[in-house]
Amino acid sequence: MSSTIAFIGLGNMGGSMAANLVKAGYSVRAYDLSPAALNQAQAAGCYAASSALDCISSAQTVITMLTSGEIVEQLYLHDPGLFNQLSPTTLVIDCSTIAPQNSQHLAQCAAAKKLRCIDAPVSGGTAGAAAATLTFICGGEADDVALAKPILLSMGQQVFHAGGAGAGQIAKACNNMLLAIQMAGTAEALQMGVNSGLDASTLSEIMHNSSGNNWVLDKYNPYPGVMPQAPASHQYQPGFMVKLMLKDLAIAMQTAQHSRSDTPLGLHAQQLFEQLQSSHPDYGDKDFSSIQRLYQPPQTNSRG
Ligand code: NAD
């Protein structure tokens with residue numbers, strides 16, 4: 001495969017995604033502000049670019065996996081302003097989870113430069129990124145999503161087209177609001193069982209095979225020691241940081257406001273994650289399954 005892809009943002013998600021593109025035969029030029037992340041990408045077979053501008057040189061496709069809408073807009077539109085440097089028809093795939101309004105603004109600016117641009121936030125977590133089993137939720141022109149599809153399928157298993165520019169972000173906001181509610185609800189139920197004398201693993205197995213089953217019980221159990229691979233069994237190392245879940249919940253609450261939707265459970269989940277983050281200076285950087293700690297009695301909540 002001769003196509004060159006520029007990949008910017010090699011964190012918990014992007015590092016594995018770029019490595020999977022290399023495995024699929026693409027030539028990948030990678031860039032991150034963090035030298036450690038860049039070194040890892042180089043070890044995985046990427047070319048380590050010296051700057052964002054160096055990264056995009058000779059690339060037909062640019063992928064970004066960054067933390068916020070401000071960072072994405074800054075990179076593409078302001079400093080260094082990649083949209084001014086890319087050749088017309090370059091495909092820009094932004095996989096970051098950002099506000100739908102940021103993605104729509106980006107798409108308008110891209111169209112003015114004759115670039116092809118889609119929003120393609122992902123679901124599946126760091127395990128999905130590592131195993132190339134992510135789900136991509138795209139917004140933009142159908143032709144551009146079709147062009148991106150083979151590339152996305154090198155990093156994942158499913159590609160959905162939710163609608164026009166920003167629609168991928170709206171679907172992602174709905175999904176992550178539900179995920180936050182599920183995570184908090186699962187932690188709450190597990191703790192009630194444990195406080196009543198049940199074993200967390202036994203209770204998890206029962207609920208996993210009963211009507212309370214959900215993605216959290218299936219893949220991401222928040223109780224320490226139940227799932228050896230889950231962040232809960234590794235001192236809640238991310239994974240998906242509490243501060244990123246709070247960013248997503250803020251996007252969800254904005255989306256609710258714009259669409260005049262009632263989201264009392266989403267709002268309550270946001271308050272719980274805020275309470276978790278403010279309970280300890282390090283918790284913003286912990287995995288979001290650490291919400292379990294909010295429910296644990298004080299004498300046990302230093303575990304995990
Ligand atoms: P992360 O903080 O681990 O990675 C972000 C990376 O971007 C960092 O390595 C950082 O150094 C780099 N970066 C920041 N600004 C940059 C710039 N201007 N130029 C180059 N590099 C820059 O975050 P993550 O967990 O990988 O998440 C990335 C995105 O994916 C977020 O939008 C998040 O909401 C979303 N997401 C994360 C998960 C998850 O489980 N972690 C799941 C789905 C979606």
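Counting convention: from 1, in listed order, for ligands and their atoms alike.
By the 6.0 Å contact criterion, CD on Q277 is enclosed, its count of non-hydrogen atoms from other residues, nucleotides or ligands being greater than 12. Heavy-atom contacts from other residues, nucleotides or ligands closer than 6.0 Å to CD of E141 number 12 or fewer. Open room surrounds NE2 on H268; 12 or fewer heavy atoms of other groups in view lie less than 6.0 Å from it.
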Would you check, one step at a time, whether the test side-chain contact (heavy atoms from CB on, under 4.5 Å) holds for L53 with L82?
-> CA-CA 7 Å; L53 278 179; L82 298 187; 3.9 Å; yes

Run the numbers on T90 and K113 for side-chain contact (heavy atoms from CB on, under 4.5 Å), then give the verdict.
-> CA-CA 10 Å; T90 303; K113 303 267 178 197; over 6 Å; no

For side-chain contact (heavy atoms from CB on, under 4.5 Å), just list the numbers for F136 and C95, CA-CA rounded to whole Å, side-chain angles, deciding distance to a tenth of an Å, and then say yes or no.
-> CA-CA 8 Å; F136 289 87; C95 294; 3.9 Å; yes

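What sits closest to atom 10 (C) of ligand 1 on the protein, heavy atoms only, is D32 OD1, 3.5 Å. Counting protein heavy atoms only, atom 21 (N) of ligand 1 is closest to L33 N, 3.4 Å. In terms of protein heavy-atom proximity, atom 40 (O) of ligand 1 is nearest to F240 CB, 3.3 Å. Residue, atom and distance of the protein heavy atom nearest to atom 35 (C) of ligand 1 are T97 OG1, 3.6 Å. Counting only heavy atoms of the protein, atom 4 (O) of ligand 1 lies nearest to G11 CA, 3.2 Å. Nearest protein heavy-atom contact of atom 37 (C) of ligand 1 is M13 CG, 3.5 Å. The closest protein non-hydrogen atom to atom 3 (O) of ligand 1 is N12 N, 2.9 Å.
The shortest heavy-atom distance from G239 to ligand 1 is under 4.0 Å.
Close approach of ligand 1 to M65 is summarised as follows: ligand atoms under 4.0 Å from at least one heavy atom of the residue are 29 (C), 30 (O). Counting atoms of ligand 1 from 1 in the listed order, those under 4.0 Å from a heavy atom of M241 are 2 (O). Using a 4.0 Å cut-off to heavy atoms of G125, the atoms of ligand 1 that qualify are 40 (O). Below 4.0 Å from some heavy atom of G9 lie the following atoms of ligand 1, by number and element: 7 (O). Taking every non-hydrogen atom of K172 and a distance limit under 4.0 Å, the qualifying atoms of ligand 1 come out as 43 (C), 44 (C). Of all the atoms in ligand 1, the ones that sit under 4.0 Å from a non-hydrogen atom of K247 are 31 (C), 32 (O), 33 (C), 34 (O). Heavy-atom contacts of V122 reach the following atoms of ligand 1: 43 (C), 44 (C) (cutoff under 4.0 Å).
Counting heavy atoms from C-beta outward, M177 and I181 have side chains that approach closer than 4.5 Å. Using a 4.5 Å heavy-atom threshold, the side chains of T255 and Q169 count as separate.
The residue from D285, T64, T67 that puts a heavy atom closest to atom 5 (C) of ligand 1 is T67. If you check each of I8, I71, L66, L244 against atom 27 (O) of ligand 1, the one with the closest non-hydrogen atom is L244.
Using cut-offs of 30° and 60° on the angle between ring planes, the pair Y76 and F83 is tilted.
Heavy atoms of Q74 found under 4.0 angstrom from ligand 1: none, in either backbone or side chain.
Taken from CG in L276 to CG in L294, the straight-line distance is 5.0 Å, to the nearest 0.5 Å.
Aromatic rings from Y220 and F288 are positioned such that their centres are separated by under 6.0 Å.
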